[in-house]
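In what follows, chains are A, B, ... by sequence order, proteins preceding strands, each numbered from 1.
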Amino acid sequence: MSAPDLPHAPAARQRPPLRPNLVIGGAIVLFLFSVALLSLVWTPLPPTKMQIVMKLKAPLEKGLFGTDHLGRDIASMLMAGAWNSLSIAVSAVLLGAAAGTALGVTAAARRGLFEAISMRANDVIFAFPPVLSAMMLGALLGTGRGTAIIAIAVFMVPVFARITAGAAAQVWARDYVLAAMSAGKGRALITVEHVLPNIANQIIVQVAIQLGLAILTEAGLSFLGLGMAPPAPTWGRMLADSQTYLGTAPWLALMPGLAIALTVFGFNMLGDGLRDLLDPREKGRS
Amino acid sequence: MTALLLRRSASLFLTLLAVSGLIFLVMQVLPGDPAAIMLGTSASADTLAALRQELGLDQPMLVRYLQWIGGLASGDLGTSITYGVPVAGLIGERLAVTLPLAFIAILLSVAIALPLGVLSAAKRNGPVDYIAGFVSQLFIAVPGFWVGLLLALVFAVKLGVMPSGGFPGWQAGFGPALQALVLPAIALALQQAGVLTRVTRSAVAEVLGEDFVRTARAKGLPKRVTLWRHAVRNALVPVVTILGLQFTFLIAGAVLIENVFNLPGLGRLAYQALTQRDLVVMQDVVMFFAGLVILVNFLVDMSYLILDPRLREASR
């Protein structure tokens, strides 16, 4: 979809051919996914292998980024952590996006009481930050990958429901939808044939942006011990473990945090770039 | 105006009711037997029965729910199983840490974001704008609890000028107590500041393109006056909206930051309740947090009416 050529748009507004945020964000995300996938088949050392004699070695003294308090190789743990973080974030966002979109487009198609109730329910769910729902679920089900995914996904539902309901309502006001209705098409068919293709771009942009948030949330959950169970390495728990050794081994606190920040930065840049590319009306909005 | 206020208050009340119902459902109904969860698998039948009695689990579900929300309304939140004291007192104690922490963090984030956002909107596509854009992206991407760790590393461990954690209590004096909150508040504020900067920039930029701003400039008002008096003031509605929406993230951040700095706040209480499986405390704290988020967003909604008189007319 290209930008509409508005007659009054000044020449200066034309987008430059190369979008740096799209390129930078895309490169970072691609790199991280490659590392995560690579970690499934190869890491310098097994990420859970403990060598107590080699504990708390500085970067380059043993391995690229040193070793932790149990002598595990930090570089290998970071790689495996990339897979753990990304797989949780991607599953949670896709799950939340699917449920939220279904809710949003249904609300826009049915209007009336369904819309009122589902949007009110969104307000209720939005009052539970993932950390709280993960704690509630964690107390009942125990913590782990599944609990983290559910907690993050639940929070994503209202985000996507709101955006898609608004966008879908705009599509429903269009003449071609009216034409489709007078041709006898049902609301479900119109949603699939007209509404979803027209709001797909907005959903894609939002998925990229929410992936950044999901990575941050997953890191926070595993920092608190609400993420994947040990010994699976996660960036969040590596940071939690580093706290004890801040004075003696400060490098432990550095790399996992940088990894999280780089990932979130990458997804945010990608989201911004995609928005400029796919959703020009929203250009410049944050 | 009064009718509107009444309508919104009724909706607030219903939302809070729905939230309490949801929490009750998750914490009391779904687990089947909350007493078994709290005591674990090794508990004897006698202790289980005693706890069931104490929690009132022998009563019907609806009665228990009504008792709980009746207690919420009257300030009786039940008794903590681990601490053996009323939960209301516990929450009150912990609030004395969390509320100031959140308040300082909000002040800090506004103090950073408002000038930065207004400046980048005024000098759009200039070097200031690009630097501010990069800085705000950085703030958003960097996890607050990591910033907290690094701040503790530099200012407490290396330089030794700040406490690395813990809270002396307000009775130890205003100075030391405040000092204990400074690093946590900075760690909590940065992310909010990043988000707010971006929102402020786009909101101010949008208003700067409006006709009335051009008119103000045309009638000879200096640029600075049009910027602050006309543009910024009109851009405040979206900024305040985001501030309200971000409150839920502020709460989530506070839970983490309190655990980094070992601050005895509400977030730490919730975390301890989780590790001790104290469902009574957990249920009340979650309700308190969720209620706070909803209340703040209600107040934000109301503040529009003060910030933008047009909405007062429109919603009559």
Query raised in the report: At a heavy-atom separation under 4.5 Å, does B/L150 approach chain A through its side chain, its backbone, both, or neither?
Result: side chain
**Report entry** Minimum-distance pair of heavy atoms, taken over all atoms of A/L216 and B/V142
**Finding:** CD2-C, 4.5 Å
Query raised in the report: How many angstroms lie between CZ in A/F128 and CD1 in B/I251, if you round to the nearest 0.5 Å?
Result: 12.5 Å
Query - Part of A/L254 within contact of chain B (heavy atom distance under 4.5 Å) - result: both
Query raised in the report: Tell me, side chain or backbone of A/F267 under 4.5 Å from chain B's heavy atoms, or both, or neither?
Result: neither
Report task. Would you check if the side chain of A/Q243 reaches a backbone N or O of B/V260 as a donor-acceptor pair within less than 3.5 Å? Result -> yes
Requested in this report: Identify the two heavy atoms, one from B/K158 and one from A/P250, that lie closest to each other, and give their separation to 0.1 Å.
Outcome: NZ-CG, 4.2 Å
Query raised in the report: Take atom OH in A/Y245; do more than 12 heavy atoms of anything else shown fall under 6.0 Å from it?
Result: yes
Report summary line: Heavy atoms of B/G267 and A/M135 approach each other most closely as O-CE, 4.4 Å
**Report entry** B/W146 side chain to A/A253 backbone, donor-acceptor under 3.5 Å
**Finding:** yes
Report summary line: Under 4.5 Å to a heavy atom of chain A? For B/F145 that would be side chain
Query - Choice from B/V286, B/I294, B/V157, B/D278 maximising heavy atom contacts with chain A below 4.5 Å - result: B/V286
Query raised in the report: Does any heavy atom of chain A fall under 4.5 Å from the side chain of B/Q283, the backbone, both, or neither of them?
Result: neither
Query raised in the report: What part of A/L226 gets closer than 4.5 Å to chain B, counting heavy atoms only: side chain, backbone, both or neither?
Result: side chain
Requested in this report: For the residue pair A/F126 and B/V293, establish whether any side-chain heavy-atom pair is separated by less than 4.5 Å.
Outcome: no
Report task. Report the option among B/P143, B/A270, B/S136 that has the most heavy-atom pairs separated by less than 4.5 Å from atoms of chain A. Result -> B/P143
Requested in this report: Take B/L14 and A/R120, measure what side chain to side chain contact (heavy atoms under 4.5 Å, CB included) needs, and give me the verdict at the end.
Outcome: CA-CA 10 Å; B/L14 285 179; A/R120 183 62 43 188; over 6 Å; no
Query raised in the report: Measuring from B/N259:CG to A/F223:CZ, what's the distance to the nearest 0.5 Å?
Result: 7.0 Å
Query raised in the report: Just wondering, are more than 12 heavy atoms of other shown residues or ligands nearer than 6.0 Å to CZ in A/F114?
Result: yes
**Report entry** Heavy-atom contact with chain B under 4.5 Å, split by part of A/F265
**Finding:** both
Report task. Can you tell which part of A/T217 gets under 4.5 Å to a heavy atom of chain B, answering side chain, backbone, both or neither? Result -> neither
Query - Where B/L149 and A/S242 come nearest, the two heavy atoms and their spacing - result: CD1-OG, 4.0 Å
Query - Proximity breakdown for A/V131 and chain B, heavy-atom pairs closer than 4.5 Å - result: side chain
Query raised in the report: Which one, A/I260, A/L224, A/V264, leads in non-hydrogen pairs under 4.5 Å with chain B?
Result: A/L224
Query raised in the report: What option among B/A203, B/A290, B/A152, B/G291 has the most heavy-atom pairs under 4.5 Å with chain A?
Result: B/A290
Requested in this report: Of all the heavy-atom pairs spanning A/P129 and B/A252, show the shortest one and how long it is.
Outcome: CB-CB, 3.7 Å
Query raised in the report: Contact part of B/F247 toward chain A, heavy-atom cut-off under 4.5 Å: side chain, backbone, both or neither?
Result: neither
Query raised in the report: With a 3.5 Å cut-off and no angle check, do the side chains of A/N21 and B/Q137 form a donor-acceptor pair?
Result: no
Query - Rounded distance [0.5 Å steps], CG in B/L22 versus CD1 in A/I125 - result: 7.0 Å
Query raised in the report: Under a 4.5 Å heavy-atom cut-off, does chain A meet the side chain of B/L274, its backbone, both or neither?
Result: side chain
**Report entry** From CG (A/L221) to CG (B/L256), nearest 0.5 Å
**Finding:** 8.0 Å
Report task. Measure the CE-CG distance between B/M282 and A/L132 for me, rounded to the nearest 0.5 Å. Result -> 8.0 Å
Query raised in the report: CG/B/L279 to CE/A/M136 distance, rounded to the nearest 0.5 angstrom?
Result: 11.0 Å
